[in-house]
Amino acid sequence: MAYWLMKSEPSTWSWDQQVAKGKEGEMWDGVRNYQARNFMREMKVGDKAFFYHSQTERAVVGIVKIIDEVKPDPTAEAGSPWECVTVEAVGPVKTPVTLSEIKAEPALQDMVLVNNSRLSVQPVTAAEWKYVCKMAGVKP
DNA sequence: GCCAACGTTGGC
DNA sequence: GCCAACGTTGGC
């Protein structure tokens with residue numbers, strides 16, 4: 001199983017909205033970046049991802065899992081190359097892990113979040129996943 | 001609100 | 001195919 005991190009501006013799509021969707025989940029639409037789309041193509045049902053609030057909050061606030069593989073993005077024009085997966089909220093983290101905490105942590109210096117802040121969908125290694133879960137007070 | 005980083009577009 | 005110009009994202 002692979003691990004990921006998915007970013008959202010809380011004003012556009014927040015963790016609370018994701019939780020409200022329950023088991024129905026929500027299509028992660030609106031991504032218009034090839035790198036991010038390619039990572040979504042690699043996702044498999046059952047993979048887990050950190051739900052990260054960008055902009056105002058800048059912290060990992062919850063955990064989601066992939067419940068459907070990539071499908072054409074309904075918000076994009078027909079025939080466009082954009083696709084998206086569907087994610088379901090697994091649960092909130094006990095303690096949000098902020099970007100500054102991640103940056104201050106030597107073990108997490110190689111996270112894409114630290115080195116390429118603009119990429120909205122990114123892979124997380126198993127070691128990073130474990131470490132951030134520990135900081136967040138949740139089971140990996 | 002500003003600015004750096006990055007991706008995309010278009011002229012040549 | 002290169003590179004300048006532009007637009008967007010996200011941290012601060």
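Naming convention: chains lettered A, B, ... in sequence-line order (proteins, then strands); numbering from 1 in each chain.
Here the options are A:R58, A:E57, A:M111, the test is side chain to side chain contact (heavy atoms under 4.5 Å, CB included), and the partner is A:L99; only A:R58 passes.
With sequence neighbours left out, the side-chain hydrogen bond (donor to acceptor under 3.5 Å, both in side chains) criterion links A:W28 to no other residue. With sequence neighbours left out, A:K71 forms a side-chain hydrogen bond (donor to acceptor under 3.5 Å, both in side chains) with A:D68.
If you check the side chains of A:W13 and A:Q18, you find a donor sitting under 3.5 Å from an acceptor.
A centroid separation of less than 6.0 Å is found between the aromatic rings of A:Y34 and A:W82.
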For nucleotides 6-12 of chain C, give me one character per nucleotide, 5' to 3': B if any protein heavy atom sits under 4.0 Å from the base, S if the only such contacts are to the sugar-phosphate, - if neither. -BBBBSB

